[in-house]
There are 4 protein chains.
Amino acid sequence: MYHGNRHGRSAAAREAVLQAADDLVAEIGYANVTIEGIAARAGVAKQTIYRWWRSKTDVLVDAFVADSTQELTLPDTGAFRTDLRAHLDELVRFLEVSDSGAVFRALTGEAQHDLKLATRLRAEVLPRLRARDRVPFDRAAARGELSADADVDLLVEQVVGPIHFRVLVTGEPVTPALLDALVAQASLATSRSL
Amino acid sequence: MYHGNRHGRSAAAREAVLQAADDLVAEIGYANVTIEGIAARAGVAKQTIYRWWRSKTDVLVDAFVADSTQELTLPDTGAFRTDLRAHLDELVRFLEVSDSGAVFRALTGEAQHDLKLATRLRAEVLPRLRARDRVPFDRAAARGELSADADVDLLVEQVVGPIHFRVLVTGEPVTPALLDALVAQASLATSRSL
Amino acid sequence: MYHGNRHGRSAAAREAVLQAADDLVAEIGYANVTIEGIAARAGVAKQTIYRWWRSKTDVLVDAFVADSTQELTLPDTGAFRTDLRAHLDELVRFLEVSDSGAVFRALTGEAQHDLKLATRLRAEVLPRLRARDRVPFDRAAARGELSADADVDLLVEQVVGPIHFRVLVTGEPVTPALLDALVAQASLATSRSL
Amino acid sequence: MYHGNRHGRSAAAREAVLQAADDLVAEIGYANVTIEGIAARAGVAKQTIYRWWRSKTDVLVDAFVADSTQELTLPDTGAFRTDLRAHLDELVRFLEVSDSGAVFRALTGEAQHDLKLATRLRAEVLPRLRARDRVPFDRAAARGELSADADVDLLVEQVVGPIHFRVLVTGEPVTPALLDALVAQASLATSRSL
DNA sequence: AAATAATCGAGACGGTACGTCGAGTCTTAAT
DNA sequence: ATTAAGACTCGACGTACCGTCTCGATTATTT
């Protein structure tokens with residue numbers, strides 16, 4: 001067994017911590033993750049974690065950002081409705097199924113009673129997600145399917161809001177029926193604004 | 001056949017606990033509330049809390065339910081759009097401003113990593129809220145403004161989803177512009193179904 | 001199952017408590033006996049115990065006294081040395097082996113930091129034991145083997161003191177060698193005082 | 001090969017705990033001493049106590065041993081009788097009057113229903129006391145006052161046994177009359193063995 | 001190459017709160 | 001009127017993590 005500074009300077013330790021945090025959330029659930037647990041799992045001293053992060057949520061935000069850096073490019077189907085539907089399917093998969101989505105839900109939950117976390121999420125995570133949600137609408141606008149003065153952010157919220165509501169609040173599964181209705185509603189808005 | 005002290009829990013203790021829990025959430029925030037703190041504030045032994053509740057969230061669900069028992073009846077304005085708008089104003093006030101709403105947000109947040117809490121919320125709290133959200137739609141249906149085969153629950157989700165999304169996820173204020181858009185969209189849905 | 005006052009007045013409850021206390025000491029050891037445990041075992045309400053006894057040690061003193069009421073009469077062998085040796089054998093058996101002796105040791109131990117218990121023991125238990133310890137000496141005096149002005153209590157202490165010392169302090173077994181020495185020493189004292 | 005914080009326990013914390021334990025026993029009595037109380041008094045975290053000691057008795061044994069490390073050398077009076085008498089006077093003072101003796105009595109009491117404590121006492125405390133009790137006899141042997149084949153440990157027990165009996169069992173004061181009798185008896189034993 | 005400084009692991013520290021246990025007091029319904 | 005049942009307040013238990021703090025070992029940089 002090896003001791004002392006086994007990570008050269010720090011990069012390796014940093015990655016070990018993020019990886020351990022990710023693993024632990026998946027294995028034992030967000031609520032049961034502790035700084036001590038992450039340190040033990042990562043083979044890192046507690047102090048090393050405290051040197052770089054303020055709290056376990058801070059670690060998890062970094063882990064989440066690191067994971068979601070991998071850009072997934074939405075294939076262009078040539079039409080707004082199909083583009084949007086494909087994106088929403090992907091969004092639902094992320095929120096309901098993926099490990100990454102589990103972390104997102106946990107962090108969003110924790111942010112309800114942690115103002116600092118809420119601020120970080122809104123500064124670093126949400127803009128990225130928002131940008132992705134806008135893609136189908138921006139493409140539609142480029143195609144001229146959408147009037148230039150339409151409030152895309154507002155339209156986005158009307159579409160993704162109900163999905164998040166189901167996932168975060170009611171806990172009911174997001175059904176194809178809901179997605180159909182949302183796509184129909186968005187299409188109506190685009191066509192109406194012509 | 002009864003025996004022993006069958007009067008069971010002391011009503012005074014129960015109320016003191018719920019009141020203390022409510023007060024503490026308002027004063028120091030959900031994350032800082034502890035069972036010990038509630039017990040001290042309520043002048044009650046910790047054991048008494050543990051006898052009747054599993055956790056602090058369990059206490060707060062009870063407190064929330066007790067508070068929200070007071071039905072607020074939505075005034076009938078005679079038209080769907082105005083009914084709905086009045087209801088949404090009230091909903092936003094609840095979510096963003098009220099103490100009760102702060103508890104709701106905290107509990108919903110905690111439910112993201114506490115399955116038992118999630119189950120309780122979905123069984124005891126959400127149906128009540130859902131029923132309130134349906135009122136404008138049900139009245140519209142009674143007036144014949146809405147086709148009988150419309151999926152009211154779906155319509156409700158499309159309207160309240162974006163509001164919860166702002167409050168819980170983005171943290172942005174719910175603006176009149178959003179409410180206008182939601183009412184317009186809902187009206188469209190009703191008129192279209194004629 | 002039966003409830004309420006199932007013991008008529010009280011005598012039965014009293015006996016049930018003493019019996020339960022005795023059993024529990026034998027089964028789980030003095031240190032693990034609790035009032036609640038005695039009450040549960042006896043099928044009696046805690047309050048009933050508190051009505052008659054101050055503490056668990058108080059119960060156990062009563063139980064001990066009740067048990068040791070059965071007088072064991074020391075057979076008269078006709079000579080001091082053999083009388084004394086028989087008595088000491090019996091004393092060692094009591095202290096080292098018997099359940100009753102285990103209770104005696106526990107109570108004596110507890111009395112080191114419980115003044116009330118110490119007082120009760122010295123008033124109710126020790127005189128009885130002392131009386132038994134005197135028997136061989138008193139018989140010797142009656143036979144004229146002992147001078148009338150000998151301090152029997154002092155002689156008794158010199159004989160039983162080392163035995164209690166081994167049992168309570170060093171925990172070493174009381175060996176025949178020790179008993180032989182003690183008997184010899186006592187005999188010397190008696191013969192010298194002629 | 002060492003690694004990590006191998007300096008182990010903090011000497012300051014250890015001493016603070018032992019001192020606080022000693023003080024508390026003297027002030028409020030053994031039965032009222034709690035781990036929490038010791039921790040608070042010592043300005044130490046409870047966990048620190050639990051890290052190094054199993055129980056309050058374990059702390060007190062350490063405190064007792066630390067206190068009694070200070071060897072008291074018995075002055076040599078030149079004769080067995082006076083040596084022994086001086087030692088017994090000192091022993092009685094220890095058992096009946098000193099704070100240290102109070103701890104000894106409490107620990108001996110507790111050992112009646114705590115096997116682990118009993119074992120520790122017999123391994124670490126009693127041999128030291130026994131050694132002290134032997135001193136007058138060993139000196140007598142060195143002077144030739146005692147036959148070489150005398151069982152000194154047995155003689156010691158016959159002398160100190162009755163003293164412990166009074167202190168621990170009957171609670172009566174150890175009188176000069178008893179000490180006189182014990183010294184006389186021991187002298188007889190020594191002279192007889194010439 | 002040797003000395004120096006930064007950073008690592010390990011883990012002890014003072015704390016806070018946890019959830020449990022038993023003490024001793026109280027109230028209620030059954031007998 | 002006394003009991004069994006059991007809820008109550010209280011205090012301590014022993015545990016889990018928190019965030020801070022040495023400590024000695026291990027590098028990486030500086031001399």
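Below, read A as the first sequence line, B as the second, and so on, with proteins coming before strands; counting in each chain starts at 1.
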Engineer: Which one, E/dC13, F/dG19, E/dT20, comes nearest to the side chain of B/Y50?
Structural biologist: E/dT20
Engineer: So if I take every side-chain heavy atom of B/W52 and compare against F/dA7, E/dC13, F/dC17, which nucleotide ends up nearest?
Structural biologist: F/dA7
Engineer: Measure from the side chain of C/T48, starting at C-beta and using heavy atoms only, and say which of F/dA5, F/dG14, F/dT3 lies closest.
Structural biologist: F/dT3
Engineer: Would you call C/K56 and C/E110 a salt bridge, taking side-chain N to carboxylate O under 4.0 Å as the test?
Structural biologist: no
Engineer: Between C/A45 and D/V33, which is nearer to the 5' end of DNA chain F once each is assigned its nearest nucleotide?
Structural biologist: C/A45
Engineer: Test for a donor-acceptor pair under 3.5 Å between the base of E/dG24 and the side chain of C/K46, counting only N and O atoms.
Structural biologist: yes
Engineer: Does the distance from a Lys or Arg side-chain N to an Asp or Glu carboxylate O, for B/D62 and B/R120, drop under 4.0 Å?
Structural biologist: yes
Engineer: Could you give the CG-to-P distance, from D/N32 to E/dA23, as a whole number of Å?
Structural biologist: 16 Å
Engineer: Among B/T57, B/I38, B/D23, B/V59, find the residue that satisfies the side-chain contact (heavy atoms from CB on, under 4.5 Å) test when tested with B/V33.
Structural biologist: B/I38
Engineer: Base, sugar-phosphate, or nothing for B/G43, non-hydrogen atoms under 4.0 angstrom?
Structural biologist: sugar-phosphate
Engineer: DNA chain E: C/K56 or B/S55, which has the more 5' nearest nucleotide?
Structural biologist: B/S55
Engineer: Is B/Q47 side chain donor-acceptor paired with the E/dC21 base, going by distance under 3.5 Å alone?
Structural biologist: yes
Engineer: How long is the line joining CZ of D/R41 and P of E/dG14, in whole Å?
Structural biologist: 17 Å
Engineer: Among E/dC13, F/dT9, E/dA10, find the nucleotide with the atom closest to the side chain of D/R51.
Structural biologist: E/dC13
Engineer: So if I take every side-chain heavy atom of C/I35 and compare against E/dA23, E/dA17, F/dA12, which nucleotide ends up nearest?
Structural biologist: E/dA23
Engineer: Among E/dG22, F/dA16, F/dC13, which nucleotide sits nearest the side chain of C/E36?
Structural biologist: E/dG22
Engineer: Is it the case that over 12 heavy atoms from other parts of the model lie below 6.0 angstrom from the CG atom of D/N32?
Structural biologist: yes
